[in-house]
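Worksheet for the structure shown next.
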Number of protein chains: 2
Amino acid sequence: MTYTIKEVAQKTGLSIYTLRFYDKQGLLPFVMRNEAGYRTFTESDLSIIHTICCLKNTDMKISDIRQYVDYVMAGSATIGKRIKLLSAQRAKVLAKQQQLTENLKEIDYKLNIYQSPEAVETINQARQYVKEEKQASKM
Amino acid sequence: MTYTIKEVAQKTGLSIYTLRFYDKQGLLPFVMRNEAGYRTFTESDLSIIHTICCLKNTDMKISDIRQYVDYVMAGSATIGKRIKLLSAQRAKVLAKQQQLTENLKEIDYKLNIYQSPEAVETINQARQYVKEEKQASKM
DNA sequence: TCTTGCCCTAGAGTTATGTCGAGGGTTTAT
DNA sequence: ATAAACCCTCGACATAACTCTAGGGCAAGA
């Protein structure tokens, strides 16, 4: 009926260490323990851990994820706060996507230069220019 | 003809501390010094710092950026290595973009639930289910 | 010339996110 | 009943990427 920490590690791709670390940081307050003190993860727990991983993948800080988890634990009264938090994260993701698109353009621009037949010549000319600029700056 | 570290900080958005840190890490071997030992940045320096920032924004590690800078400093003989390095980074960016798109879908899915008129009801039902699942797991 | 503001280095301190080892209890299969 | 394989906590260690402080030199205006 429940999963051990090892099984959850395998299912999520997180290490056992990381899961325990997350628990210590207050990200997993919903995880129960058995008589021996072992963590017992339910299917629902896996679902919210999945959400935690999703937020993590968008570079949300652990302290902010804890805030979200706390809202979830607090029940429906915090829906407004959850919307605010997720909307802010949504905006961050959109911004990051846009930035990545621009970064990609620059990388492709560089790759095009390097992969062109005139690459060696282009680079040598650039190096010459840099050299002259450095020389000129010494005056 | 050249820029001070403060001016470069303003132009790039990096802090003076960060610029000096990057220099210490070997990311700025091309920056010259004046008689007093002050760094003097040329226009070309700004250009490669821009590239460094671009790679940084795609989460490339400083040690890998240093590798790239070293290749650039070494001249046209390293074009093949630069292509390999940038191509690998390109693949990483594409993967990250795809992941962000998926994360965004999940965030939007959650937001839809929270913003629907039945949000409170949906959440209370989910909480009830979680509760029962936890109860059942105790047996 | 004196003050203010900028520059330098070396190295300590910080933050975030893990990762691991020691010491000890539990479960399972033989 | 015993070994192997788990689980636990606590706290130390690691790593990356800054961030800042102390102590001291340089530069430009009043």
Side-chain angles (χ1 to χ4, degrees), chain A residues 1-42 45-46 49 52-69 89 92 96 99 137-139, chain B residues 1-42 45-46 49 52-69 89 92 96 99 137-139:
Chain A
M1 248 29 271
T2 60
Y3 302 103
T4 67
I5 196 168
K6 191 187 188 186
E7 289 165 335
V8 175
Q10 284 162 348
K11 280 174 180 286
T12 60
L14 301 172
S15 75
I16 291 178
Y17 297 137
T18 300
L19 282 166
R20 288 205 270 246
F21 170 69
Y22 283 179
D23 198 5
K24 216 188 299 190
Q25 297 302 307
L27 260 53
L28 315 178
F30 44 82
V31 176
M32 302 277 100
R33 305 290 184 115
N34 67 15
E35 319 73 43
Y38 290 18
R39 293 174 182 83
T40 57
F41 297 79
T42 64
D45 293 348
L46 286 185
I49 289 172
I52 288 170
C53 288
C54 169
L55 295 176
K56 191 83 225 332
N57 285 336
T58 63
D59 298 312
M60 187 184 277
K61 277 189 304 180
I62 283 181
S63 55
D64 290 341
I65 298 177
R66 179 175 48 220
Q67 182 67 82
Y68 177 73
V69 170
Q89 194 61 16
K92 269 197 197 170
K96 185 70 186 175
Q99 193 194 40
S137 77
K138 282 190 195 160
M139 324 260 169
Chain B
M1 244 31 269
T2 60
Y3 303 103
T4 67
I5 195 168
K6 192 187 188 187
E7 290 166 336
V8 175
Q10 282 161 350
K11 280 175 179 285
T12 60
L14 300 173
S15 76
I16 291 178
Y17 297 138
T18 301
L19 282 166
R20 286 205 271 246
F21 170 70
Y22 282 179
D23 198 5
K24 217 188 298 189
Q25 297 302 305
L27 259 53
L28 315 178
F30 44 82
V31 176
M32 302 277 100
R33 305 291 184 116
N34 66 15
E35 319 74 42
Y38 290 18
R39 292 175 184 83
T40 57
F41 296 80
T42 64
D45 293 348
L46 286 185
I49 289 173
I52 289 170
C53 288
C54 169
L55 294 176
K56 191 84 226 329
N57 285 335
T58 63
D59 299 314
M60 187 184 276
K61 278 188 303 179
I62 283 181
S63 56
D64 290 340
I65 298 177
R66 179 175 49 220
Q67 182 67 80
Y68 177 72
V69 170
Q89 195 60 16
K92 269 196 197 172
K96 185 71 186 173
Q99 194 194 39
S137 78
K138 283 189 195 161
M139 325 262 173

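By the side chain to side chain contact (heavy atoms under 4.5 Å, CB included) test, B:Tyr38 is found to be paired with B:Asn34, B:Ala36, residues two or more places apart in sequence or in another chain being considered. Shown here are the side-chain hydrogen bond (donor to acceptor under 3.5 Å, both in side chains) partners of B:Tyr22, two or more places apart in sequence or in another chain: there are none. Remark: B:Thr12 engages no residue in a side-chain hydrogen bond (donor to acceptor under 3.5 Å, both in side chains) (not counting sequence neighbours). In this structure B:Thr18 satisfies the side-chain hydrogen bond (donor to acceptor under 3.5 Å, both in side chains) test together with B:Ser15, sequence neighbours excluded. Partners of A:Arg39 by side-chain hydrogen bond (donor to acceptor under 3.5 Å, both in side chains), not counting sequence neighbours, listed by chain and number: A:Asp23.
If you take CG of A:Leu14 and C1' of C:dG18, they are 11 Å apart, rounded to a whole angstrom. As a whole-Å value, the separation of A:Asn34 CG from C:dT28 P is 10 Å. Rounded to an integer number of Å, the gap from CG of A:Leu27 to C1' of C:dG18 is 13 Å. Atom CD in A:Gln10 sits roughly 15 Å away from atom P in D:dA5 (whole-Å rounding). Separating the NZ atom of A:Lys6 from the C1' atom of C:dT27 is a distance of 13 Å, rounded to the nearest angstrom. Rounding to whole angstrom units, CD of residue B:Glu7 and C1' of C:dC6 are separated by 11 Å. With rounding to whole Å, A:Ile5 atom CD1 is found 7 Å from D:dC7 atom P. Separating the CD atom of A:Glu35 from the P atom of D:dC8 is a distance of 13 Å, rounded to the nearest angstrom.
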Side-chain donor-acceptor distances from residues 55-62 of chain B under 3.5 Å, at least two apart:
residue	atom	partner	partner atom	Å
B:Asn57	ND2	B:Cys53	O	3.3
B:Thr58	OG1	B:Leu55	O	2.7
B:Thr58	OG1	B:Gln89	NE2	2.8

Please output the side-chain donor-acceptor pairs of residues 2-10 of chain A that fall under 3.5 Å, not counting sequence neighbours, one pair per line with the distance.
residue	atom	partner	partner atom	Å
A:Tyr3	OH	A:Glu43	OE1	2.7
A:Thr4	OG1	A:Lys6	N	3.4
A:Thr4	OG1	A:Glu7	N	3.3
A:Glu7	OE1	A:Thr4	N	2.8

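Under 4.0 angstrom from either OP1 or OP2 of C:dT26 there lies no side-chain N or O belonging to A:Arg39. Checking the phosphate oxygens (OP1, OP2) of C:dT26, no side-chain nitrogen or oxygen of A:Arg33 falls inside 4.0 Å.
When all heavy atoms are compared, the tightest approach of B:Gly26 to B:Pro29 is O-CD, 3.4 Å.
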Please tabulate the protein-to-nucleotide N/O contacts below 3.5 Å involving nucleotides 23-26 of chain D, giving atom names and distances.
residue	atom	partner	partner atom	Å
D:dG25	N2	B:Tyr38	OH	2.6
D:dC26	O4'	B:Tyr38	OH	3.3

Polar pairs (N or O, both sides) under 3.5 Å between protein and nucleotides 19-22 of chain C?
residue	atom	partner	partner atom	Å
C:dT19	OP2	A:Thr18	OG1	3.2

Check: Should B:Phe30 and B:Val69 be marked as a side-chain contact (heavy atoms from CB on, under 4.5 Å) after you check the CA-CA gap, both sets of side-chain angles, and the distance that decides it?
Finding: CA-CA 9 Å; B:Phe30 44 82; B:Val69 170; 4.3 Å; yes
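The distance from atom CE of A:Met1 to atom OG1 of A:Thr40, rounded to the nearest 0.5 Å, is 12.0 Å. Interatomic distance, OG of A:Ser63 versus CG of A:Leu27, reported as 9.5 Å (0.5 Å rounding).
Residues of residues 52-68 of chain B that place a heavy atom closer than 4.0 Å to DNA chain C do not occur.
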